[in-house]
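Here's the structure we're looking at; comments come further down.
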Amino acid sequence: MSTDRFVSVTILVGATDEEASLEKTVDYVMEHCRREDLSTLRIVYPKNAAADCLRTITKLEERYPDRVKGLRQRRPSIGGAMKDGFDAADGSHVMLLPGDLAVDLSAVPKLIAAAKDTPADVIKISRWLQKDSFHDYPRVKKSLNASAQRFLRVLYGSKLTDFTCPVQIMPRDLCVSMRLREMAFPSLLEIVLCPLRLGVNIREIPAQSYERQEGRSKNSAVKTAMYLNPALRIRFTPRKKLLRAAPGEKRSDPAEKES
C-alpha cells in the first residue's frame, strides 16, 4: 500500500446541484495548482444531477479540455461516487474535495505540498486545529461535532482532531486496496477511519470551514447518527478484513454487490 513518491494527483470533486460554487472551485484549483502536479480533476455526479449543474460541468470541460472531466457515477450514493472516482483516478495520489465551497480552497495546494514531503501518508484538513475555523456554522451542530471528535479519539486512541471531514489527499494504491463497505454518508467517515485502523500515518493541516452557500445539503441528523455503526465496526474489524481480497483469494464484499 505504500507509495514512495508523489507523481501527480487526481482531484475528485463531488457535485449534484452546484453551479457557481463548483465553477469557483475548479477555477481556483486550475489557477493555484502547478500543471505538472495535477493529473486530472474529475467532477463526479449522479444520474439525477440538476440540469444547471450538468451545464456547468460541460462548460468546465470545455474551458479545461485536457484537465477537467465529468464522471457520471455507476454505483449508488456518495460512497459509490467515491469508489467510481478511485477507479478512474490516474495519478499517484487522489484528493477528495467538495464542490460547494465548504472548505477554504487555499488548503488544496497545501495538501499537495504536504503529500510531496511524505507521499505514503494521508494528509487531511482539520477544522479544529485553529480557533474560530467554523464560519456560519450552527452552534448546536458545532457542539455535536466536537463531541463526536472526542468520542472517536478515545475509541481509536488517536490524536487526530477532525475525523469527520474527509477532505484529504492519499496514495491511490491505498484507495483501491481498501475494502470500503459504506455507500451512504458514513462512507465519509470510513475513508478516514480505514487508513487509521490500517496503521497509515495521517497528518492534519488547519483549514477554515463554511456552511454551503449554494445547493441543498444531502446530510441530516439521522444520517449523521448512522456514523456510529461504521465507527464501531471498523475499530473492531481485523485489519486484514479491511483490505480487498488478493488475486485468487475468495472474500465476499457487500459493497461490490451494489455496483
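Across Ser92 and Arg5, no two heavy atoms sit closer than the pair OG-O, 4.1 Å. Heavy-atom minimum distance, Thr25 versus Pro98: CG2-O, 3.9 Å. Among all heavy-atom pairs drawn from Ala146 and Trp128, the shortest one is CB-CH2, 3.6 Å. Residue Arg127 comes nearest to Ser133 through the heavy atom pair O-CB, 3.2 Å, listed as atom of the first residue, atom of the second, then distance. Between Leu193 and Ala231, the closest heavy-atom pair is CD1-CA, 3.8 Å. The minimum heavy-atom distance between Ile205 and Leu129, with the atom names listed, is C-CD1, 3.7 Å.
Counting only heavy atoms from C-beta outward, the side chains of Leu60 and Asp27 approach each other to under 4.5 Å. Side-chain contact between Cys53 and Thr16 is absent, with no heavy-atom pair separated by less than 4.5 Å. Between Arg63 and Met30 the shortest side-chain heavy-atom distance does not fall below 4.5 Å. At least one side-chain heavy atom of Leu198 sits under 4.5 Å from a side-chain heavy atom of Met178. Counting heavy atoms from C-beta on, the side chains of Gln73 and Pro46 come closer than 4.5 Å. Looking only at side-chain heavy atoms (C-beta outward), Phe163 and Lys124 stay at 4.5 Å or farther from each other. Contact check for Arg75 versus Asp87: side-chain heavy atoms found under the 4.5 Å cut-off. Side-chain contact between Ile191 and Ser187: absent, with no pair of heavy atoms (C-beta onward) separated by less than 4.5 Å.
The number of heavy atoms from other shown groups lying within 6.0 Å of NZ (Lys116) is above 12.
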With side chain to side chain contact (heavy atoms under 4.5 Å, CB included) as the test, would you mind laying out the steps for Asn201 and Thr118 before giving the verdict?
CA-CA 10 Å; Asn201 189 49; Thr118 54; 6.0 Å; no

Under the salt bridge (Lys or Arg N to Asp or Glu O under 4.0 Å) criterion, do Arg35 and Asp66 qualify, and how do the steps go?
CA-CA 11 Å; Arg35 176 65 184 93; Asp66 59 335; 3.5 Å; yes

Evaluation steps, side chain to side chain contact (heavy atoms under 4.5 Å, CB included), between Leu22 and Ile57
CA-CA 8 Å; Leu22 176 60; Ile57 293 172; 3.9 Å; yes

What verdict does the side chain to side chain contact (heavy atoms under 4.5 Å, CB included) test give for Ile169 and Ile112, after you've listed the backbone C-alpha separation in whole Å, the side-chain angles of each residue and the deciding distance to 0.1 Å?
CA-CA 7 Å; Ile169 186 170; Ile112 294 174; 4.3 Å; yes

Test side chain to side chain contact (heavy atoms under 4.5 Å, CB included) on Ile125 and Asp162 and set out the steps.
CA-CA 8 Å; Ile125 70 164; Asp162 198 342; 5.6 Å; no

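With sequence neighbours left out, the ring pair (Phe, Tyr, Trp, His ring centres under 6.0 Å) criterion links Phe86 to no other residue. The ring pair (Phe, Tyr, Trp, His ring centres under 6.0 Å) check on Phe151 picks up nothing, with sequence neighbours excluded.
Remark: side-chain polar atoms of His93 are not paired, donor with acceptor, to backbone N or O of Phe6 under 3.5 angstrom. The backbone N or O of Arg74 sits less than 3.5 Å from a side-chain atom of Asp84, completing a donor-acceptor pair. A side-chain donor-acceptor contact under 3.5 Å links Arg244 to the backbone of Val176. A distance-only check finds a donor-acceptor pair linking the side chain of Arg42 to the backbone of Ala88 [under 3.5 Å].
A parallel orientation is assigned to the rings of Tyr210 and His135, their planes being inclined by less than 30° (bins at 30° and 60°).
Under the 4.5 Å side-chain heavy-atom criterion for grouping Ile, Leu, Val, Met, Phe, Trp and Tyr, Leu188 is not connected to Tyr137 through any hydrophobic cluster. Clustering ILVMFWY residues whenever any of their side-chain heavy atoms sit less than 4.5 angstrom apart, transitively, puts Val192 in the very cluster that holds Leu228. Cluster membership check: Val7 does not share its hydrophobic cluster with Ile123, using side-chain heavy-atom separations under 4.5 Å among Ile, Leu, Val, Met, Phe, Trp and Tyr. Placement of Leu160 and Val154 in two distinct hydrophobic clusters is found when ILVMFWY residues are connected by side-chain heavy-atom separations under 4.5 Å, directly or transitively. Residues Phe134 and Leu152 do not share a hydrophobic cluster, clusters being chains of Ile/Leu/Val/Met/Phe/Trp/Tyr side chains in contact below 4.5 Å.
The distance from atom OG1 of Thr56 to atom CD of Glu19, rounded to the nearest 0.5 Å, is 5.0 Å. For the atom pair Leu12 CG and Thr40 OG1, the distance stands at 8.0 Å (nearest 0.5 Å). Taken from CD in Gln168 to CG in Asp121, the straight-line distance is 12.0 Å, to the nearest 0.5 Å. Here the CD atom belonging to Glu18 is positioned 9.0 Å from the CG atom belonging to Leu101, to the nearest 0.5 angstrom. Note: Arg197 CZ to Arg239 CZ = 4.5 Å, rounded to the nearest 0.5 Å. To the nearest 0.5 angstrom, Leu180 atom CG is 8.0 Å from Cys175 atom SG.
Between the side chains of Gln149 and Thr161, no donor-acceptor pair is found at a separation under 3.5 Å. The closest side-chain donor-acceptor pair between Arg150 and Ser147 falls under 3.5 angstrom. In the model, Thr10 has a side-chain atom that pairs as donor or acceptor with a side-chain atom of Asp90 under 3.5 Å.
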